[in-house]
Engineer: 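Here you go, one structure.
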Amino acid sequence: MTVRVRFAPSPTGYVHIGSLRTALYNFMFAKKSGGKYILRIEDTDQTRLVEGAVEGMLTAMDWAGLHHDEGPFLEAGTVVQKGEFGPYVQSERLHIYRQYAETLLETGHAYPCFCSKERLDDLRETQKIEGKITRYDGLCRSIPLEEARRRIENGESHVIRLKLPADLDITFEDIVRGRVTVNTNDMDDQVLMKADGFPTYHMAVVIDDHNMGITHIIRGEEWLPSTPKHIFLYDAFGWKAPEHVHLPNILNPDKKKLSKRQGDVAVEDFQRKGYLPEALVNYIALLGWSPEGNEEKMSMAEMVEKFSLERVSKSGAVFDVQKLNWMNSLYIKEMPLETLVDYCMPYFIEKGYIDPGCEHGRAFAADIVRISKDSMNYLAQCTDLVPLFKAKTVEPEDEETLEMLKQPHVVEMLGVFKGLVEAVDAVDPVFAKQVFKDVQAATGIKGKALFMPIRAAISGQLHGPEMVDLMTILGKKRLISRIEDAIARLS
Ligand code: GLU
């Protein structure tokens with residue numbers, strides 16, 4: 001049997017981190033098994049359609065490196081479909097669902113329902129007041145099919161519902177959760193076809209998974225309650241159901257389901273901030289799965305090699321931005337500097353710190369990136385140090401810095417320092433190291449009393465980049481003007 005799995009997103013305008021994890025597990029499982037990874041667009045809810053969402057989703061998947069074998073692809077800005085099981089967009093498969101709905105009517109596994117929205121609303125309200133489970137009461141179940149067909153021909157609005165028998169145990173095996181059994185008495189006669197002629201998710205998913213030869217359904221835990229309905233449908237059609245795997249929820253640190261209110265949840269947000277796809281995917285892989293040796297930093301090839309559904313956990317996984325930051329920082333640190341500079345350039349340009357194509361600008365960006373590299377969690381932080389260098393003047397940032405400058409020896413010492421800077425053509429690393437020895441020789445001041453006031457004068461801070469970097473990136477002119485400012489302020 002060739003493994004065939006699918007990622008089946010509804011295009012809602014952004015890719016949730018949980019969807020990325022679902023896609024990733026499907027992808028890893030397919031690669032591990034030598035199978036196929038299919039992407040299918042589930043767009044049957046016409047009220048939720050968002051312009052450009054499919055394109056955005058395909059772009060995000062491509063960025064994350066989760067390349068599918070069949071489905072819609074973005075080629076030169078246009079969506080094209082490839083594969084023998086298409087179309088892979090549900091709204092293009094309506095004729096298929098209608099045909100299967102007809103089969104279900106014929107075999108008595110479904111029935112047309114003519115109940116109005118008002119009736120259903122009233123029913124729900126009454127059930128709520130009576131403390132009952134809200135569900136359809138089966139009023140239209142007893143309408144003979146011939147009569148129902150006449151009413152449909154007369155243009156009466158209707159849906160098609162699943163006709164569940166009473167008191168039937170529906171059982172399936174979940175690879176992660178084991179055996180799951182639900183009794184039809186606790187289930188609803190699910191709508192399969194809506195009044196607009198579109199299928200519901202439940203109808204479309206079963207038909208597509210079967211017709212696309214899907215062998216394993218790997219999806220989020222939120223779909224677990226739907227699976228018994230799907231199993232019933234597989235049986236009704238006389239089909240073998242695929243294997244099922246329901247992945248644990250991704251949680252906020254407060255153990256509630258990951259939601260937008262508590263921070264970023266869209267893959268696009270993380271991409272914008274400058275999380276590297278390899279790092280994000282590596283981190284996401286660990287939300288609900290762990291390899292046998294408990295390694296954490298792994299390439300995609302290593303993860304695929306180690307991946308197994310048996311090691312997916314049942315319990316929810318907390319999304320920890322600190323840990324993601326740590327993981328991303330590891331990937332940033334190991335990146336060659338020039339590549340990292342390429343990745344960082346857009347942030348410098350976007351903030352207006354440098355002009356695109358300006359060589360001097362790139363050299364400045366490269367300097368900033370070099371000294372920021374080890375403390376960066378994500379790329380957008382690459383420009384954090386720019387104001388320190390670009391500011392025309394700097395003020396002591398706090399009382400402690402001011403006190404450092406107010407020491408009696410400082411003005412004279414800054415004067416000597418300034419004289420030495422003025423005497424060289426350019427402030428290079430050799431000079432930046434030598435100048436402190438020269439100031440010490442001339443004034444007898446050394447150690448903290450020498451370094452800290454100079455640092456405070458030229459940067460306004462008592463901490464920050466290495467002195468050599470601070471001086472060489474500032475350059476002669478700016479260095480002199482900052483020392484002059486400090487002397488003027490203190491005199
Ligand atoms: N379209 C569903 C979603 O948006 C897919 C659920 C499934 O994988 O069956 O998540």
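Counting starts at 1 for both ligands and their atoms, following the listed order. Heads up: numbering here begins at 1 and tracks the sequence.
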Engineer: If you have a sec, work out which protein heavy atom is nearest atom 4 (O) of ligand 1 and how many Å separate them, to one decimal?
Structural biologist: Ser10 OG, 3.2 Å
Engineer: Between the side chains of Arg362 and Glu338, is the shortest nitrogen-to-carboxylate-oxygen separation below 4.0 Å, so that they form an ion pair?
Structural biologist: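 Answer for the salt bridge query: yes.
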Engineer: What atoms of ligand 1 come closer than 4.0 angstrom to any heavy atom of Trp223?
Structural biologist: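 Atoms satisfying the 4.0 Å criterion: 2 (C), 3 (C), 6 (C), 10 (O).
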Engineer: In terms of side-chain geometry, is the basic nitrogen of Arg40 or Glu42 positioned less than 4.0 Å from the acidic oxygen of its partner?
Structural biologist: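 Judged by the 4.0 Å cut-off on N to carboxylate O distance, Arg40 and Glu42 do form a salt bridge.
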Engineer: Given the side-chain rings of Tyr201 and His230, with only the six-membered ring counted for Trp, is the space between their centroids under 6.0 Å?
Structural biologist: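 Tyr201 vs His230: aromatic centres under 6.0 Å.
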Engineer: If you draw the axis of the six-membered ring of Phe364, does the NZ or CZ of Lys390 fall within 45° of it and under 6.0 Å from the ring centre?
Structural biologist: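 Satisfied, under 6.0 Å and within 45°.
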Engineer: Any idea which protein heavy atom is nearest atom 6 (C) of ligand 1, and the distance to it?
Structural biologist: Tyr201 OH, 3.3 Å
Engineer: Under 4.0 Å, counting heavy atoms only: does Glu222 come that close to any atom of ligand 1?
Structural biologist: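 It does not, in that no heavy atom of Glu222 comes within the 4.0 Å cut-off of ligand 1.
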Engineer: State the atoms of ligand 1, each with its element, that fall below the 4.0 Å cut-off from a heavy-atom position in Val205.
Structural biologist: 9 (O)
Engineer: Do NZ/NE/NH1/NH2 and the carboxylate oxygens of Lys314 and Asp174 come within less than 4.0 Å?
Structural biologist: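 So Lys314 does not pair with Asp174 through a salt bridge.
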Engineer: What atoms in ligand 1 come closer than 4.0 Å to a heavy atom of Glu42?
Structural biologist: 1 (N), 2 (C), 5 (C)
Engineer: Which residue owns the protein heavy atom closest to atom 8 (O) of ligand 1, what's the atom, and how far is it?
Structural biologist: Arg6 NH1, 2.7 Å
Engineer: Which is closest to atom 2 (C) of ligand 1 by heavy-atom distance: Gly18, Pro11, Ala8?
Structural biologist: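 It is Ala8 that holds the nearest heavy atom.
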Engineer: Honestly, is Arg272 close enough over Tyr378, meaning NZ or CZ under 6.0 Å from the six-membered ring centre and within 45° of the axis?
Structural biologist: no
